[in-house]
Novice: 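Please find one structure pasted underneath; my questions will follow.
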Amino acid sequence: MNANRDGRFRIAYGTYGMPEEDIRAAIPRLSEIGYEGLEICVGEAYPTAPQKLSKEKRSGLRTMVSDLELEIPSLMLLSRVLTHDLQEYQQQLEAFRAAAELANDLAVGNRIPVLTTTLGGGTMTWEKDREALADRIAEVGEIIAEAGTRFAVEPHVGSILENPHHAVWLIRRINSPAVRLNFDISHFAVAGYPLEDTVARLAPLAIHTHVKDGRMATGRVEWLLPGEGDFDYTAYFREMAKADWRGCITVEISGMIFSKPNYDPWRAAEFSWKTLSAARKEARI
């Protein structure tokens, strides 16, 4: 058993970067690498989509996670919450309900995974549509809360929700414990926001995290594995400790990476673990 499993920050891995892996084989292998948590992607095309997991399979996964002393902090959806197509939006809500049911079925003890997603593309603008944005996110949050879990909405570079000020406004405007942030520091790092100030403002509003590296190249973001760029994870861990964060720090592998023909999901998982576990040790967290 990993020596840091009971530590303040548990390092988790997201299966978004493993779209073709058998989850039953992946879980023990990720545990062997060292990971202490697992974010399960429940997108429709994934083998872990709710409609593809019977009650028996759900029970088996929950037992495996419990026996390995892992945590499932989150289920990741691939949704378009801001769609203007009302029929599509209703389908999105049904997907959230199904994911929330799965979250309850996978809960170990009283730790029910939260649901997280980005907002998807859309034509909304902040100045004109922020109230409508808040109303929609609040509605999603209410539906998820009725099913017994919470919604972690992710700010994303280049989206309507792309800077710390907007993220703070949204959470305060909704003012519900059911809706908090999925705090992915990479979206703020590539935009040049200072680490210390960003963590201090957003970590207290978060219930989940993602980490990865990234850089701007000719005006566009290029996402990287943790440790392939110049992001300072030791400083990040220290700032998260100052903000009293006590949840998982979860690796997210971008589709920009796993869609490449030479992508190796296990090389990515091992490389990311080495980066984060070394930074955690150096930060003495």
Side-chain angles (χ1 to χ4, degrees), residues 11-68 70-80 91-92 94-96 98-103 105-106 113-118 120-121 152 154 156 182 184 186 208-214 221-228 248-276:
I11 300 173
Y13 195 79
T15 66
Y16 178 54
M18 296 183 161
E20 298 180 0
E21 297 296 310
D22 181 346
I23 190 69
R24 294 166 296 182
I27 290 174
R29 188 167 176 182
L30 288 168
S31 179
E32 289 175 5
I33 290 172
Y35 285 102
E36 300 136 355
L38 182 73
E39 177 186 63
I40 300 177
C41 182
V42 297
E44 186 176 356
Y46 280 69
T48 42
Q51 69 271 21
K52 298 176 183 178
L53 292 176
S54 65
K55 287 289 186 181
E56 182 180 5
K57 289 181 179 178
R58 296 177 187 203
S59 177
L61 291 178
R62 183 180 65 247
T63 298
M64 181 184 293
V65 168
S66 178
D67 288 347
L68 291 170
L70 299 175
E71 181 177 345
I72 304 177
S74 170
L75 303 185
M76 179 182 181
L77 291 91
L78 306 175
S79 62
R80 295 179 64 247
Q91 292 171 347
Q92 299 286 330
E94 289 305 313
F96 276 109
E101 180 182 354
L102 177 59
D105 288 340
L106 295 180
V114 304
L115 306 186
T116 186
T117 187
T118 55
E154 181 178 326
H156 195 290
N182 177 36
D184 185 336
S186 68
H208 187 53
T209 69
H210 281 162
V211 292
K212 56 184 177 291
D213 265 61
V221 177
E222 178 185 4
W223 297 119
L224 307 166
L225 297 177
E228 288 186 329
C248 285
I249 304 295
T250 302
V251 174
E252 180 194 30
I253 306 300
S254 168
M256 184 182 293
I257 295 174
F258 70 70
S259 62
K260 294 179 179 178
N262 62 345
Y263 172 71
D264 180 345
W266 294 106
R267 183 252 172 198
E270 291 168 0
F271 185 89
S272 300
W273 167 257
K274 289 178 181 177
T275 297
L276 292 182

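Worth saying up front: this structure is predicted, and the values here are computed from it rather than measured.
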Novice: Supply the atom-to-atom distance Leu53 CG to Arg58 CZ, rounded to the nearest 0.5 angstrom.
Specialist: 6.0 Å
Novice: Leu77 versus Gln92: any side-chain heavy-atom pair under 4.5 Å?
Specialist: no
Novice: For the atom pair OG1 (Thr15) and CD (Glu20), what is the distance rounded to the nearest 0.5 Å?
Specialist: 13.0 Å
Novice: Any pair with a residue in residues 43-52 that passes side chain to side chain donor-acceptor pair (under 3.5 Å), sequence neighbours left out, goes on the list, sorted by first then second residue, please.
Specialist: none
Novice: Ala152 and Thr116: which non-hydrogen atoms are nearest, and at how many Å?
Specialist: O-OG1, 2.9 Å
Novice: Closest approach of Ser272 and Pro226, non-hydrogen atoms and distance?
Specialist: OG-CD, 3.3 Å
Novice: side-chain contact (heavy atoms from CB on, under 4.5 Å), that's the test. Do His210 and Glu39 meet it? Break it down for me.
Specialist: CA-CA 10 Å; His210 281 162; Glu39 177 186 63; 2.9 Å; yes
Novice: Rounded to the nearest 0.5 Å, what separates atom CG in Leu61 from atom CG in Leu106?
Specialist: 6.0 Å
Novice: So which heavy atom on Leu225 is nearest to which on Ala268, and how close?
Specialist: CD2-CB, 3.8 Å
Novice: Atom NE2 in His156, atom CG in Asp184: separation rounded to 0.5 Å?
Specialist: 7.5 Å
Novice: Is there side-chain contact between Leu78 and Cys41, with at least one heavy-atom pair below 4.5 Å?
Specialist: yes
Novice: Where is the tightest heavy-atom contact between Ala103 and Pro113, given as atom of each residue plus distance?
Specialist: O-CD, 3.2 Å
Novice: Please lay out, stage by stage, how Ile40 and Leu102 fare under the test side-chain contact (heavy atoms from CB on, under 4.5 Å).
Specialist: CA-CA 11 Å; Ile40 300 177; Leu102 177 59; 5.8 Å; no
Novice: Taking atom types as modelled, find out whether Ser79 and Thr117 have a side-chain donor-acceptor pair closer than 3.5 angstrom.
Specialist: yes
Novice: Would you please test Lys260 and Glu222 for salt bridge (charged side-chain N to carboxylate O under 4.0 Å, His left out) and show each step?
Specialist: CA-CA 13 Å; Lys260 294 179 179 178; Glu222 178 185 4; 5.1 Å; no
Novice: Drop me the distance from Tyr16's OH to Phe258's CZ, to the nearest 0.5 angstrom.
Specialist: 4.0 Å
Novice: Donor-acceptor pairs under 3.5 angstrom involving side-chain atoms of residues 248-256: please list them, not counting sequence neighbours.
Specialist:
{"unit_1": "Glu252", "atom_1": "OE1", "unit_2": "Lys212", "atom_2": "NZ", "d": "2.7"}
{"unit_1": "Ser254", "atom_1": "OG", "unit_2": "Met256", "atom_2": "N", "d": "3.0"}

Novice: Between Thr118 and Glu154, do the side chains contain a donor N or O and an acceptor N or O under 3.5 Å apart?
Specialist: no
Novice: Looking at Gly43 and Ala49, what are the two nearest heavy atoms and their distance?
Specialist: O-CB, 3.4 Å
Novice: Treating Ser59 as the side-chain partner and Lys55 as the backbone partner, does any N or O pair qualify as donor plus acceptor under 3.5 Å?
Specialist: no
Novice: Would you mind checking if Arg62 and Asp105 are paired as a salt bridge, meaning a charged N to carboxylate O distance below 4.0 Å?
Specialist: no
Novice: About how many Å separate CD of Glu21 and CG of Leu30, when rounded to the nearest 0.5 Å?
Specialist: 9.0 Å
Novice: Tell me, with the steps shown, if Tyr35 and Leu70 meet side-chain contact (heavy atoms from CB on, under 4.5 Å).
Specialist: CA-CA 8 Å; Tyr35 285 102; Leu70 299 175; 5.7 Å; no
Novice: Kindly give the heavy-atom pair with the smallest separation between Val42 and Ala99, and that separation in Å.
Specialist: CG2-CB, 4.2 Å
Novice: Is there side-chain contact between Pro28 and Leu68, with at least one heavy-atom pair below 4.5 Å?
Specialist: yes
